[in-house]
Amino acid sequence: MNFERIPPVIANLGQACYYCFKEKTADNPLSRCGGCHHVSYCGPACQKAHWSKHKSLCKAFKAVETNRGRDIFAQYVFLPEDEETFVVTDVKALNECLGRVGSMIMEELEVELKRPLRLDERNLVGWEPRCLACGRSDAIFRIEAKLRDRNPLSSGLKPCPDCRLSFYCSEEHWDAVKDRHQNEPCQDGRDDMSQCETNRLCFQDAKFANIMAGANAGEFKWAPERTVASWTPLREADWSDYKAGLAEAFDSAAAMGQEFVKALLRGASENLSMPMTILWGLENLHPDDAWTKKDVLNIHVLGAADKEILNSQMFEEILHRVPLIKTLKLTFIGPELSRLTGPFPQMTEMETCPQCTRHGRKRIHDHHAKTYHDYIIDQGSKFTKPDLAVAFDSGCSQEDIESWKKSYKALHQRNIPSVFTAFNSDEAHAEADLFRSVGITLHPELGPRRNPWGSLLAHIEPNKVTGFYAVNNWLSGGFR
């Protein structure tokens with residue numbers, strides 16, 4: 001598998017070098033690529049080192065602006081705008097427009113490149129800086145200037161001076177959105193924080209991830225190796241339970257201060273959210289705690305893909321929190337598993353921590369590259385009803401809708417305790433509506449509502465000027 005680092009959001013938004021990820025500061029001013037103007041570098045050395053990878057995309061960006069600029073700009077023409085200031089008066093309509101524009105640009109880039117876009121290339125389109133008030137990017141201003149035969153903005157978009165991750169094209173537009181940006185609670189943010197406050201956390205987390213990636217040669221991952229004495233219901237816990245373990249695991253945490261400990265916790269929650277959401281689902285969907293005393297706990301993970309497999313060691317936290325379970329069997333089921341490279345055994349016993357090994361606790365992983373409804377059919381009489389089926393951020397209201405419908409109907413027909421999560425509120429409510437449309441009654445504690453064990457690590461929504469998402473941020477629905 002390829003573990004090459006993906007440029008962080010601050011690099012996509014021009015606040016860090018796109019090659020070395022060093023932050024833009026007064027001492028490190030960045031220069032834009034003179035060809036496409038979409039990426040920035042510390043200087044000629046970084047640009048030269050990155051050129052072989054960027055060259056084809058650079059040319060493709062220029063070609064798309066030249067050949068399809070008129071069609072792209074046309075998406076903005078009928079947006080509801082104030083007649084004097086040209087501020088878009090309907091943010092939802094603006095975000096929908098930006099979604100269309102992003103999709104158009106990515107499709108045209110793929111035509112030019114004659115291949116699908118890589119994740120880093122898609123991110124560069126998704127997190128292109130755009131004005132909060134009118135949604136224009138510098139590329140759109142260039143296209144508009146060419147169409148109207150005039151000079152584009154000389155200074156380009158300016159970042160919010162406080163968070164540096166939201167942008168405006170003029171002082172008039174900044175005045176129109178500043179109060180909302182800095183003071184009003186933002187969509188899908190936490191603790192009633194504003195967009196500006198949440199952006200500042202995103203900036204901190206990007207810098208933290210950069211530091212930890214340098215130290216650990218990869219994405220920050222942490223889970224405690226301790227095993228608790230007995231199961232404690234999660235109603236009596238929250239993410240702060242992990243602070244002491246993090247401070248102990250990272251000797252420098254105390255010296256770095258509480259903000260560093262909080263950053264550690266947000267980073268750790270990104271992958272720990274999966275096992276903790278499973279435990280929350282089990283606790284809510286079972287009438288008593290008999291499941292905590294089973295010899296074998298059987299979990300089905302639907303729509304499994306790279307994230308579940310690359311972070312599979314995190315699921316051992318289930319054994320650590322439920323010490324009476326002897327064997328945790330995780331069955332990963334999803335068509336995307338077929339994309340994983342290298343030898344991929346269908347079933348294997350995974351290594352466990354020394355304490356689990358001493359006490360004979362096992363973690364078994366089983367893999368099936370197919371949809372869940374097909375898995376049930378193929379298993380036939382061998383199908384074993386799991387203690388819980390879970391689909392992390394399935395997107396079942398947006399992609400493969402009919403296929404997902406067959407799967408959640410199969411779950412409902414077999415009375416399988418099930419939990420679905422979503423990245424944000426809109427997705428969660430859309431998915432809940434789909435579940436109800438086939439006669440599913442949702443558990444009141446399991447959605448659609450905020451997931452108490454969703455990741456604390458917020459991400460800026462791509463192709464929008466408002467909103468955030470997080471891994472397992474919302475519970476779309478739980479049922480049996």
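Because only heavy atoms are used, hydrogens play no part in the values below, and waters and symmetry mates are left out as well, while side chains stay in.
Between the side chains of Arg130 and Asn463, at least one donor N or O lies within less than 3.5 Å of an accepting N or O. With hydrogens and angles left out, the side-chain atoms of Asp188 and Trp474 include a donor and acceptor closer than 3.5 Å. A donor atom on one side chain and an acceptor atom on the other are not found under 3.5 Å apart for Thr348 and His365. There is a side-chain donor-acceptor pair under 3.5 Å between Gln182 and Asp162. For the residue pair Asn95/Thr466, the side-chain donor-acceptor check at 3.5 Å is satisfied. Side-chain contact of Asn271 with Lys307: a donor-acceptor pair under 3.5 Å is present, judged by distance alone. Looking at Asn183 and Ser194, their side chains never bring a donor and an acceptor atom within 3.5 Å of each other. In the model, Glu270 has a side-chain atom that pairs as donor or acceptor with a side-chain atom of Ser455 under 3.5 Å. In the model, Asp374 has a side-chain atom that pairs as donor or acceptor with a side-chain atom of Thr371 under 3.5 Å.
Phe208 has its ring centre no less than 6.0 Å from the ring centre of Phe250.
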Could you tabulate the donor-acceptor pairs under 3.5 Å formed by side-chain atoms of residues 315-323, not counting sequence neighbours?
from	atom 1	to	atom 2	distance (Å)
Glu316	OE1	Arg363	NH2	3.4
Glu316	OE2	His320	NE2	3.3
Glu316	OE2	Cys353	N	2.8
Glu317	OE1	Arg226	NH1	3.3
Glu317	OE2	Arg226	NH1	3.4
Glu317	OE2	Arg226	NH2	2.8
Glu317	OE2	Tyr242	OH	2.7
Glu317	OE2	Arg321	NE	3.3
His320	ND1	Pro224	O	3.1
Arg321	NE	Tyr242	OH	3.1
Arg321	NH2	Tyr242	OH	3.4

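Among all heavy-atom pairs drawn from Cys396 and Leu434, the shortest one is O-CD1, 3.8 Å. Nearest heavy atom pair, residue Ala11 against residue Pro7, reads CB-CB, 4.2 Å.
Classification of Lys326 and Asp295 as a salt-bridged pair fails, no side-chain N sitting under 4.0 Å from a carboxylate O. Salt bridge Arg115/Glu110: absent, no basic N to carboxylate O contact under 4.0 Å. A salt bridge between Arg190 and Glu197 is absent, with no side-chain N of the basic residue lying under 4.0 Å from a carboxylate O of the acidic one. A salt bridge links Arg118 with Asp120; the closest basic N to acidic carboxylate O contact falls under 4.0 Å. Looking at Glu248 and Lys243, no side-chain N of the basic residue comes within less than 4.0 Å of a carboxylate O on the acidic one, giving no salt bridge. Between Arg449 and Glu445 there is a salt bridge, since at least one side-chain N of the basic residue sits less than 4.0 Å from a carboxylate O of the acidic one.
In this pair, Tyr408 and Phe420 present their aromatic rings perpendicular. The plane angle is above 60°, beyond the 30 to 60° band. Using cut-offs of 30° and 60° on the angle between ring planes, the pair His50 and Tyr41 is tilted.
Counting only residues at least two apart or on different chains, no salt bridge (charged side-chain N to carboxylate O under 4.0 Å, His left out) pair has a member in residues 462-473.
With contacts defined as side-chain heavy-atom distances shorter than 4.5 Å, the pair Leu411/Arg480 does not qualify. Residues Ser40 and Lys24 are not in side-chain contact: their nearest non-hydrogen atoms beyond the backbone lie 4.5 Å or more apart.
For the ring-ring contact (aromatic ring centres under 6.0 Å, His included) with His368, the lone residue among Tyr375, Phe332, Phe383 that qualifies is Tyr375.
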